[in-house]
Participant: 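Attaching a single structure in structure tokens format; questions to follow.
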Amino acid sequence: MSTVRGHSLSTSHYIDGKWIKGESYFDVFSPINGEHLSEIAAGSATNVDTAISSAENAFPAWASLGAEGRLPYLQRFASEIGKRKDALCEVESADAGILLSRLRHGIIPRSMLNITWFAEAALELQNKIIETPQAKHHVRYDPAGVCAIINPWNAPLMLTTWKLGPALASGNTCIIKPPEWAPLSSALLLEAAHAAELPPGVLNMVHGSGSPTGALLTSDSRLARISFTGSISTAKDIGKAAAENLVPCSLELGGKSPFIVLEDADVEQAAKTGALMYRNATQVCLAGTRFLVHENVYHDFIEKMKSYVSALVIGDPQLEETEVGPLIHPRQLERVKGYVDRAIGKGAKILWGGESHDAGDLYYTPTMLSNVKQDDEIVQEEVFGPVLVIQKFKSDTEAISLANGTKYGLGGVCFGEQLHAQQIANQVHTGFIWVNSFGIRDLAAPFGGCKSSGIGREGGDWSFDFFCDVKDVVIPKKPFVPSFAQR
Ligand code: NAD
């Protein structure tokens, strides 16, 4: 056990309903001030093997409970998450550097809903019937089996529950491998599952780094599904491992999403929304990070956005007034600085920011780079830090071409007269795009990326399609006459 911000949590794995000590441990530090927060077990081959066996053993009984039988377990799980709200907020903020206010008002309620919403939605899965003159097709959504769930450090609680909700509700058993840079809220989440008395083996957790622990998990042939959110390079490794065993993967990856400001946009509103892109120090996959602004409103937009950005409060994410917190890790800070240095070397100009911030070692000022070309690294690659780029365009055709001109296709934002903006949004090749808004999400709506931003969609029925094996049980309406002439 360890104590983090006054809350005690287990440093062990959680397998088959029991806390299992690690064979070795690694250290976890806070991005806020570098403080040593805890040590956490590092998963071995034996731990991964036992977790998968335990999930396999638990699967038949959990699957056969049906959605109605699983509902009370999952409602209790959500309620136990709610009971741990203070601990989850304070621990995840210390561990991942996420704003405490956002955790309290956004992430915790959403995490609870991620569990209950899918638990209730799963009840509807049992009722799909297709009637034809010859037969009744009872379409079943059967749980696939044992699922591996792997997430990054930028939103551990939200992303883990977003995957666990549909996976567990549809009758699968799961193994999570929490992100090694921010594993602590997962320990509290599993404590909530334990208190909710989920049957042993239904939900397991093996801590550890991507390699070896994550790789051991995703290369196991007993898995039925792998649900992954993270970087493109890890997705390729997971995809190769999964291909060996023909295990279907859902891959939610990075983005370099366009934020388009048309000539007829409400520039004030666009600029105010633009400043929101620095939330979580832009360690947010869906943030608009490439500003494409019509030349006639370019200077006005820059002046307005600059005034909003200069008012941002940067500092300790645990303070109520803070709006931008730290980067997660010294390696992430080096990565961000490297992108900025190379961009400047190629001729980029700093409109604002471009330096470390004195709030602490891992704080970087919200930055905007102009004078960039479409094929520059800084335009093409995801920085995953508070460094945005801005480009000018003259026509709608040019805006669309620039918007679509990277390998990514996750999201986008488009400000302009409503119909005009919608027409442009329709032509941007991404999994989602917000018109005159940002960040509106719904659990029933699809979420995911095109091109290198991912494979598959999460949310609503799309999550169930992934976590279930769809089966057509065909019952003939008339006595069946066997015939070789039949289609
Ligand atoms: P990452 O790919 O390095 O790590 C993600 C997770 O994968 C971690 O838990 C890690 O331990 C694990 N992992 C690493 N190697 C592995 C392997 N070989 N086998 C199995 N697991 C392995 O990503 P990151 O740096 O933690 O996260 C940042 C990335 O995540 C960014 O690209 C960001 O855009 C993306 N992201 C995408 C979404 C989305 O919904 N599309 C949401 C959040 C973050």
Side-chain angles (χ1 to χ4, degrees), residues 26 28 31 40 42-43 48 95-98 107 114 148-160 162-163 175-186 205-220 223 226-244 247 249-257 279-289 327-329 331-336 339 381-385 406-412 430-432 439 441 446-459 462-463:
F26 63 95
V28 179
I40 280 288
V48 170
D95 195 20
I98 297 172
I107 292 176
N114 282 341
I149 289 182
I150 301 193
N151 278 310
W153 42 263
N154 68 321
L157 195 53
M158 153 64 201
L159 291 171
T160 305
W162 173 236
K163 293 178 190 300
I175 299 125
I176 66 167
K177 195 223 56 79
E180 61 270 43
W181 282 356
L184 302 183
S185 61
S186 297
M205 171 177 68
V206 182
H207 284 290
S209 50
S211 181
T213 314
L216 284 164
L217 178 60
T218 51
S219 59
D220 197 288
L223 295 182
I226 300 170
S227 181
F228 171 76
T229 295
S231 66
I232 291 176
S233 69
T234 304
K236 288 182 181 172
D237 290 340
I238 289 179
K240 283 179 206 155
E244 277 299 311
V247 176
C249 297
S250 159
L251 304 172
E252 293 287 348
L253 313 177
K256 190 79 183 182
S257 300
R279 190 178 77 178
N280 213 26
T282 322
Q283 299 167 116
V284 178
C285 63
L286 48 73
T289 50
L327 290 161
I328 181 76
H329 195 273
R331 285 227 295 276
Q332 196 66 11
L333 178 66
E334 283 317 303
R335 185 184 143 95
V336 169
Y339 275 117
E381 295 296 332
E382 179 187 55
V383 175
F384 223 53
T406 73
K407 68 182 173 202
Y408 294 101
L410 187 57
T430 55
F432 53 90
R441 299 269 308 267
F447 181 84
C450 306
K451 304 195 276 182
S452 293
S453 288
I455 297 178
R457 293 288 178 276
E458 297 183 305
W462 292 271
S463 291

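All figures in this text were calculated on a predicted structure; none of them were measured in a lab. Counting starts at 1 for both ligands and their atoms, in listed order.
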Participant: Say whether Thr229 and Lys163, considering side chains only, have a donor N or O and an acceptor N or O under 3.5 Å apart.
Facilitator: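 There is such a pair between these side chains.
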Participant: Are there any protein N or O atoms under 3.5 Å from the N or O atoms of ligand 1? List them with distances, or say none.
Facilitator:
from, atom 1, to, atom 2, distance (Å)
ligand 1, 2 (O), Ser231, N, 2.9
ligand 1, 2 (O), Ser231, OG, 2.6
ligand 1, 2 (O), Thr234, OG1, 2.7
ligand 1, 9 (O), Asn151, O, 2.8
ligand 1, 9 (O), Lys177, NZ, 3.2
ligand 1, 11 (O), Lys177, NZ, 2.9
ligand 1, 11 (O), Glu180, OE1, 2.5
ligand 1, 11 (O), Glu180, OE2, 3.3
ligand 1, 11 (O), Gly210, N, 3.2
ligand 1, 19 (N), Ala215, N, 3.4
ligand 1, 23 (O), Ser231, N, 3.4
ligand 1, 25 (O), Trp153, NE1, 3.3
ligand 1, 26 (O), Trp153, NE1, 3.0
ligand 1, 30 (O), Gly230, O, 3.4
ligand 1, 32 (O), Glu382, OE1, 2.6
ligand 1, 34 (O), Glu382, OE1, 3.4
ligand 1, 34 (O), Glu382, OE2, 2.6
ligand 1, 41 (N), Leu253, N, 3.3
ligand 1, 41 (N), Leu253, O, 2.7

Participant: Counting C-beta onward and ignoring hydrogens, is there a side-chain heavy-atom pair between Thr218 and Val247 closer than 4.5 Å?
Facilitator: no
Participant: So, Thr406 versus Lys256: side-chain donor-acceptor pair below 3.5 Å or not?
Facilitator: no
Participant: Which residues pass the side-chain hydrogen bond (donor to acceptor under 3.5 Å, both in side chains) test with Ser219, not counting sequence neighbours?
Facilitator: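 Applying side-chain hydrogen bond (donor to acceptor under 3.5 Å, both in side chains) to Ser219 gives none.
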Participant: Please report the shortest heavy-atom distance between Ser185 and Pro156, naming the atom on each side.
Facilitator: OG-CB, 3.9 Å
Participant: Is the NZ or CZ atom of Arg441 positioned over Phe447's six-membered ring, under 6.0 angstrom from the centre and within 45° of the axis?
Facilitator: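 Yes, Arg441 sits over the ring of Phe447.
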